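A short write-up of the structure that comes next.
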Protein chains: 2
Amino acid sequence: MTLSEEDYIKAIYHLGKGENTTVSTNAVAEQMETKPSSVTDMVKKLSEKGVANYKPYKGVSLTEYGQKIALSLVRKHRLWEVFLVEKLDFSWDEVHEVAEQLEHIKSEKLVDQLDKHLGFPQVDPHGDPIPSKKGEFKKAIKKLLNEIPIGKSGICVGVKDSSPPFLKFLDKNKIALGDTILVLDKEEFDGSIDIQIKERTIHISSQIATNLYLKITE
Amino acid sequence: MTLSEEDYIKAIYHLGKGENTTVSTNAVAEQMETKPSSVTDMVKKLSEKGVANYKPYKGVSLTEYGQKIALSLVRKHRLWEVFLVEKLDFSWDEVHEVAEQLEHIKSEKLVDQLDKHLGFPQVDPHGDPIPSKKGEFKKAIKKLLNEIPIGKSGICVGVKDSSPPFLKFLDKNKIALGDTILVLDKEEFDGSIDIQIKERTIHISSQIATNLYLKITE
DNA sequence: ATTAAAATTTAGACAAAGCTAAATATTTGT
DNA sequence: ACAAATATTTAGCTTTGTCTAAATTTTAAT
């Protein structure tokens with residue numbers, strides 16, 4: 001696969017949200033920041049190569065083979081993201097562009113050894129799961145902190161309320177996007193919860209818990 | 001610079017042995033496994049871009065700017081080689097192909113952090129020096145072990161005598177290509193020497209020392 | 001100093017991947 | 001159900017990097 005083909009495969013995969021969904025030419029064009037006519041050309045080629053199913057005017061989906069390629073790309077992308085954050089001190093929001101390049105490196109041994117070097121991580125710095133070598137992986141879902149059951153952990157990925165006071169609170173309590181949070185206990189009465197974050201244990205009110213999004217795997 | 005342009009720059013650089021030498025179109029073609037006519041086209045383009053000096057029928061050399069690019073590529077290539085060997089357990093002879101891909105990744109931060117992560121290595125697994133960020137580096141030369149002064153270390157890169165008995169000797173003494181050897185002491189009388197290799201200290205006869213090539217930096 | 005051989009360049013073609021503009025399908029609003 | 005709006009494809013052109021074959025320049029041998 002060429003670099004360009006791989007990018008299209010990934011785009012089709014992501015637009016289909018990982019399900020094997022048919023996506024429109026226009027949607028792919030928008031995602032790839034290219035023109036619909038270019039997409040038509042490429043999906044024809046991918047179709048001939050056995051990577052995609054394409055019916056004119058009806059959209060495009062990935063074949064089994066195409067999905068395998070997509071998953072391998074996602075696996076590589078996310079492993080490199082972990083590497084960049086854990087080993088090279090990149091912050092969680094700086095990694096995407098570089099991982100986008102690294103995911104195209106072709107070497108099975110490289111990926112396997114990288115995986116091992118990183119301790120076989122299950123999720124990337126954004127809380128998204130890393131497919132196994134065989135392509136298996138759990139889905140990730142975004143939930144509010146208050147909806148997460150006791151004993152489960154997730155990665156902080158966003159806020160519902162983005163008002164300055166709330167952001168200031170997070171800052172003061174050293175809760176940042178990308179942090180892993182484990183739910184230790186929940187108080188039925190007022191909805192407050194105990195969480196563990198970076199070795200610290202803190203108690204958090206319901207108002208806070210209902211405004212913080214975490215990504216968890218099912 | 002495109003991938004292809006970078007490959008040509010590296011080829012010109014390596015053929016010129018790092019000196020700013022003029023190299024022939026044919027030489028570049030052979031190195032790149034391409035046709036001389038393709039080289040002509042490309043060096044014209046590189047010339048227009050201010051990367052190379054090209055006179056028809058007279059060969060091509062790199063400009064200052066071109067040399068900077070070449071050194072940056074060499075730096076990246078060798079840092080990745082160190083990474084692959086030290087962190088991902090690649091052997092010294094498996095790294096080239098993968099490093100060839102990795103060297104094209106564009107991210108200054110990535111290179112700087114990688115350098116730091118590896119502890120600012122001075123040489124790659126083949127004993128070749130790694131240019132600094134600014135492009136400075138020492139030359140490496142290949143010498144027989146017996147020619148190396150006391151206190152200096154080098155990396156084992158080849159044998160002069162490749163007869164089975166000699167290779168068997170190396171194997172038995174666990175001396176392999178890629179190993180770092182430090183010269184501890186030399187015996188004037190019989191030319192035998194003491195070396196340190198992988199924490200072990202061993203005594204080696206003149207016959208051995210005159211048949212083992214090391215790469216050292218001046 | 002010529003001429004044959006070798007090296008290099010030029011000209012013209014091709015594949016990949018993209019674009020624009022025009023043509024054609026599909027969808028939607030009434 | 002039909003016309004208008006939207007989505008998609010086709011046709012033809014562009015750029016990048018490559019190739020082959022022919023032309024030209026340089027080098028080497030007598």
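Just so we're on the same page: letters track the sequence lines, and every chain starts at 1. Just so you know, these numbers come straight off a predicted model, no measurement behind them.
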In terms of side-chain geometry, is the basic nitrogen of B:Lys10 or B:Glu103 positioned less than 4.0 Å from the acidic oxygen of its partner? yes

Would you call A:Glu6 and A:Lys106 a salt bridge, using N to O less than 4.0 angstrom? yes

Pair [X], [Y]: side-chain N/O donor-acceptor within cut-off below 3.5 Å:
X	Y	answer
B:Asp93	B:Ser91	yes
B:His77	B:Asp124	no
B:Asn26	B:Ser24	no

Decide yes or no on side-chain hydrogen bond (donor to acceptor under 3.5 Å, both in side chains) for A:Gln113 and A:His117, but give the supporting numbers first. CA-CA 6 Å; A:Gln113 292 295 100; A:His117 179 56; over 6 Å; no

Round to a whole Å and report the spacing from [atom1] of [X] to [atom2] of [N].
X	N	atom1	atom2	value
A:Met42	C:dC19	CE	P	11 Å
B:Asn26	D:dT25	CG	P	17 Å
A:Leu46	C:dA16	CG	P	12 Å
B:Asp41	C:dG12	CG	C1'	12 Å

Which class fits the ring pair B:His126 and B:Trp92: parallel under 30°, tilted 30 to 60°, perpendicular over 60°? perpendicular

Can you tell me how the ring of A:Trp80 sits relative to the ring of A:Phe83, calling it parallel under 30°, perpendicular over 60° and tilted otherwise? perpendicular

Nucleotides 22-27 of chain C: which of its N/O atoms have a protein N/O under 3.5 Å away?
unit_1, atom_1, unit_2, atom_2, d
C:dA25, O4', A:Tyr57, OH, 3.4

Check for me whether B:Lys109 meets the cation-pi criterion with A:Phe90, that is, NZ or CZ under 6.0 Å from the six-membered ring centre and within 45 degrees of the ring axis. yes

OP1 or OP2 of D:dT9 less than 4.0 angstrom from a side-chain nitrogen or oxygen of A:Lys44, does that happen here? no

Strictly distance-based, threshold 3.5 Å: is any side-chain N or O of B:Lys87 a donor or acceptor partner for the main-chain N or O of A:Leu114? no

With B:Asp128, which of B:Lys215, B:Lys139, B:Lys138 fulfils salt bridge (charged side-chain N to carboxylate O under 4.0 Å, His left out)? B:Lys215

Nucleic acid contacts of residues 3-12 of chain A, taken as heavy-atom distances under 4.0 Å to DNA chain C: A:Ser4, A:Tyr8

Closest to the A:Tyr54 side chain: C:dG18, D:dT20, D:dT8? D:dT8

Please work out if B:Ser38 contacts a base, only the sugar-phosphate, or nothing of the nucleic acid, heavy-atom cut-off 4.0 Å. base

Considering every strand and a 4.0 Å limit on heavy-atom distances, what is the contact class for B:Ser37: base, sugar-phosphate, or nothing? base

Output one line per pair: protein atom, nucleotide atom from nucleotides 2-4 of chain D, and distance, for all N/O pairs under 3.5 Å.
none

